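Here is the structure we will look at.
Everything quoted here is computed from the prediction, not taken from an experiment. Naming: A, B, ... by sequence-line order, numbering from 1 per chain.
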Amino acid sequence: MSASPTASERRILLAAVGSGAHIAVDLDAADVEVGREHLSARDLAGWVAEAEERDAPRWIIRSARETYAPLLAEGIRLGRTHDLLLCHAILRDTASVPQPLEPSENWVRRDAPDAEPGLFDLFESDARVDTVVEALAQYRAQRHVIAAASDGRLALLCAAESAGGLVAEEMRAAGVPWNEGVHHEILTRTLGARSLAGGLPAKMLALGDQVRTILGDATLHLDSQPKLLRALHRAGVPVESTSKWELAQYEHPVVEPLLEYKKMSRLLSANGWVWLAEWVHRGRFRPVYIPGGVVTGRWASAGGGALQLPRSLRPAVRADPGWMLVVADVAQLEPRMLAAMASDAAMARAAQGRDLYAGVVDSGAVATREEAKYAVLGAMYGATTGDSGRLVPRLRKVYPRAMALVDAAARTGEDGGVVSTWLGRSSPKPSAEWAALQSAATGADVDPVVVTQARRRARDWGRFTRNFVVQGTAAEWSLIWLAEIRHRLRGMPTAATPAKASGPFADAAHLAFFLHDEVILHVPAELADAAADAVREAAAIATTRLFGSFPIDVPLDLRVTESAEK
DNA sequence: AGAAGTTGCGCG
DNA sequence: AAAGCGCGCAACTTCT
C-alpha cells in the first residue's frame, strides 16, 4: 500500500449509473471525455479484470460495499481503491487540516448495513444529473483535503481505510471456515440434546427445574428479569439486579445453578442451532463487516454477531482439508500505541517483549500484574474510583508523558473540544444538548443540581475523548496490518488443493476473520509458513508506518493450526 | 400489534 | 452502577 498515488499510478473512476451499468473514467487521460468508457452490466466484470491485470490502477469507487461485492461474485478482485464513502466520513470531520471536507449527504453511508439498493435508491441514482461528474468532484475535493495535510497522515489513513473496505468484502465473500458438526457437538455437550418439539435442550430443562425448586416457585419464568428478581428476593437473596456479577457476590444454593443456566441460555439464544442454520451455510460463516462503523474507526458488524463470537465456539473454526489457519493477535495493543504516540520511552521499555503488564510491574509502578492491568486500563478509560482509579496516579509518576497525552485528550473533551487519532480521524463534537447543559451550568445563581449534572456529563465526554485517541490509533495500526497482510497474500501462488467453498478464494490464501486486534487467515497448507511470515512482516510494517523509528514493540501471538481453539 | 426502551451478556 | 472505553444482539417490558 502506498501512502498516496504516485505520479505513475493510474487512476480510474468507476461510477454506477443504474441497472448494473457503469461509466469508467481514466483520470490520467489528457481529456476526461476521451478516457470515458460506457460499460453495460455485461461488460463490466471483464473490462475491470482486464484493466486490473494491465495497469493495476487505483479504482475510485463510491464504496466497496456497492461496487466490489458484485465484482467479487464474478470472481474479479481489485488491488487498490479510493473509497469515497469511507474517506468522506474521515475527511468531513477531520481536525487535521484547517479546512475539512465540505460534508455532503450524498456521500454519507446509509445506516441500513446490508440493505440492497432499493427501488428508491435506483430511482435516486437514475435521477441524478450526472453521477460521474459528482463523483469526480467529490474525489477532487477529497484529494485537496488530503494534500493539505502535508505530513501524509490523512493520505495513509484514507488508503488504509479504503483497503479495509476491500478486505471486509473479501472476508464476507470468503467466509470463516466453520465446522457445523463441531458446533453441533459443542451445543449438545453444553446444553444437552436439542428438543425436537422446539423446547429447551435437555440440560437446560433440568437445570431450570432445579433453580425453580430452590426458589420454591414451580412455574417461574426464568427469562423474565422482574419475575426472577422477585423470586430471588422471596428466597432471601437481596440482589438489586439479576446480573451475574451481582449474583456471584452471594452465597446461596441458587447462585451456582442460576448462573450456569444463564450462561446456557445466552449460548442458546445467541449462537444456538437457530444461529447455526441462519448464518452458516456450506461450511462458511459470512458475517457483514462495517469498516469504520465505530466512531473511533474500529469496525462494526451487522448480523451474525461477528464481533461477539464466544470463545467457547472457537473450536468450530476449522481449516478445510489440506488447508491451515493462521491465528494471530496482539497482546495489549492499545497501551503500546499510547506509549508510541506519547514518545514515552519509559512506557515503551515496559512494552518490550510479550507482556506489557509484566513490564509495568518491573518498572516498580505497581506490585502485581493484576494491578498493572487495572492501572493501565484505568489510565486509558479514565477510571477515577475503585482499585483502578486508585492505581492510576502511580502510572502518572512513572509514565508522565503517556499520561499527559490521555489526560490532555480528556481535558479537551471536557471542554467540548475535538481530539484526533495519530493519523487524523477526529472525534465527533458533543451534542447540542450537551453544549446547552454546559452553558446552562456557567454563570451566577445556577441551580447546583444543574452544575453537578453538567460536571458529570463533561467528565463522561472527557472519558470518551481520552479513550478515543488510543482506541482510534489502535484501529489504525490494525487497518494497516490488515492491508499489508492482504497485499502479501495476493502475491502468493494458488492452492494445490482447492478449499471446500467455491468463489474467488477457493484456491487462494485469504483473510477469514478480523476482530480489532486479531486476524484469522485460511491458507493452503503448503503456504502456511509463508502466510505466517506475511502476518509478522505486516505487523512490523504497520508499526513503522505509524511511528517511524520510535522503538515500540508490537509482538504477535501467532499460531499455525487446523483449529482456532485456544 | 408494533415501536421503543431496558436488561443482560458476548467480544475487544 | 461493575470502579472505566467502544460495540451488537436477543428477550423482555413498557409505551403508544
Close N/O contacts between protein and nucleotides 13-16 of chain C (under 3.5 Å):
unit_1, atom_1, unit_2, atom_2, d
C/dT13, OP1, A/Ser224, OG, 2.7

Distance below 4.0 Å between A/Lys262 side-chain N/O and B/dC9 OP1 or OP2: yes
N/O (side chain, A/Lys244) to phosphate O (OP1/OP2, B/dG10) under 4.0 Å: yes
Donor on one side chain, acceptor on other, A/Thr561 and A/Ser563, under 3.5 Å: no
Sugar-phosphate only, base, or nothing, as touched by A/Leu267 at under 4.0 Å among non-hydrogen atoms: nothing
Sugar-phosphate, base or nothing in reach of A/Ser265, heavy atoms under 4.0 Å: nothing
d(CZ, A/Arg336; C1', B/dG12) in whole Å: 15 Å
Sugar-phosphate only, base, or nothing, as touched by A/Tyr374 at under 4.0 Å among non-hydrogen atoms: base
Sequence-distant partners of A/Arg459, salt bridge (charged side-chain N to carboxylate O under 4.0 Å, His left out), two or more places apart: none
Interatomic distance where CZ belongs to A/Arg230 and C1' belongs to B/dT7 [whole Å]: 15 Å
Spacing between A/Leu259 atom CG and B/dG8 atom C1', to the nearest angstrom: 12 Å
Between the protein and nucleotides 6-10 of chain C, list the N/O to N/O atom pairs that are separated by less than 3.5 angstrom.
unit_1, atom_1, unit_2, atom_2, d
C/dG6, O4', A/Gln471, NE2, 3.2
C/dG8, O4', A/Gln308, OE1, 3.0
C/dG8, O4', A/Gln308, NE2, 3.4
C/dG8, N3, A/Gln308, NE2, 2.8
C/dC9, OP1, A/Gly303, N, 2.1

C1' spacing across the pair C/dG4 / B/dG12, given as an integer number of angstrom: 15 Å
A/Leu395 CG - C/dG4 P separation (whole Å): 16 Å
B/dT6 versus C/dA3 - spacing of their C1' atoms, nearest Å: 22 Å
Salt bridge (Lys or Arg N to Asp or Glu O under 4.0 Å): pairs with one or both residues in residues 302-312 of chain A, sequence neighbours excluded: none
For A/Glu278, all residues meeting salt bridge (charged side-chain N to carboxylate O under 4.0 Å, His left out), sequence neighbours excluded: none
Partner residues of A/Trp299 under the ring pair (Phe, Tyr, Trp, His ring centres under 6.0 Å) criterion, sequence neighbours left out: A/Tyr289, A/Phe514
Global bending angle along the helix from B/dA1-C/dT16 to B/dG12-C/dC5, which compares the axes of five pairs at either end, to 10 degrees: 10°
Nearest-Å distance for atom pair CG/P, residues A/Leu232 and B/dG8: 11 Å
Set of salt bridge (charged side-chain N to carboxylate O under 4.0 Å, His left out) partners for A/Arg298, sequence neighbours left out: A/Glu334
Rounded interatomic separation in angstrom, taking CD from A/Glu371 and C1' from C/dG4: 17 Å
With A/Phe468 via ring pair (Phe, Tyr, Trp, His ring centres under 6.0 Å) - residues at least two apart: A/Phe464
Closest-nucleotide 5' rank along DNA chain C - winner of A/Thr384 and A/Asp223: A/Thr384
Sugar-phosphate only, base, or nothing, as touched by A/Gly382 at under 4.0 Å among non-hydrogen atoms: sugar-phosphate
Rounded distance in Å - OH (A/Tyr289) to P (B/dG12): 13 Å
Those residues that, when tested against A/His516, pass ring pair (Phe, Tyr, Trp, His ring centres under 6.0 Å) (two or more places apart): none
Residues forming a salt bridge (charged side-chain N to carboxylate O under 4.0 Å, His left out) with A/Glu414, sequence neighbours excluded: A/Arg455
Short side-chain N/O contact to C/dG4 OP1/OP2 from A/Thr385, under 4.0 Å: yes
Any donor-acceptor N/O pair, A/Gln210 side chain to A/Ala206 backbone, under 3.5 Å: no
Donor + acceptor pair across side chains of A/Ser427, A/Thr465 (<3.5 Å): no
Flag for A/Tyr399-A/Ser363: side-chain donor and acceptor within less than 3.5 Å: yes
Atom pair distance, as rounded to whole Å: CD1 in A/Ile520 and P in B/dC11: 14 Å
Those residues that, when tested against A/Tyr261, pass ring pair (Phe, Tyr, Trp, His ring centres under 6.0 Å) (two or more places apart): none
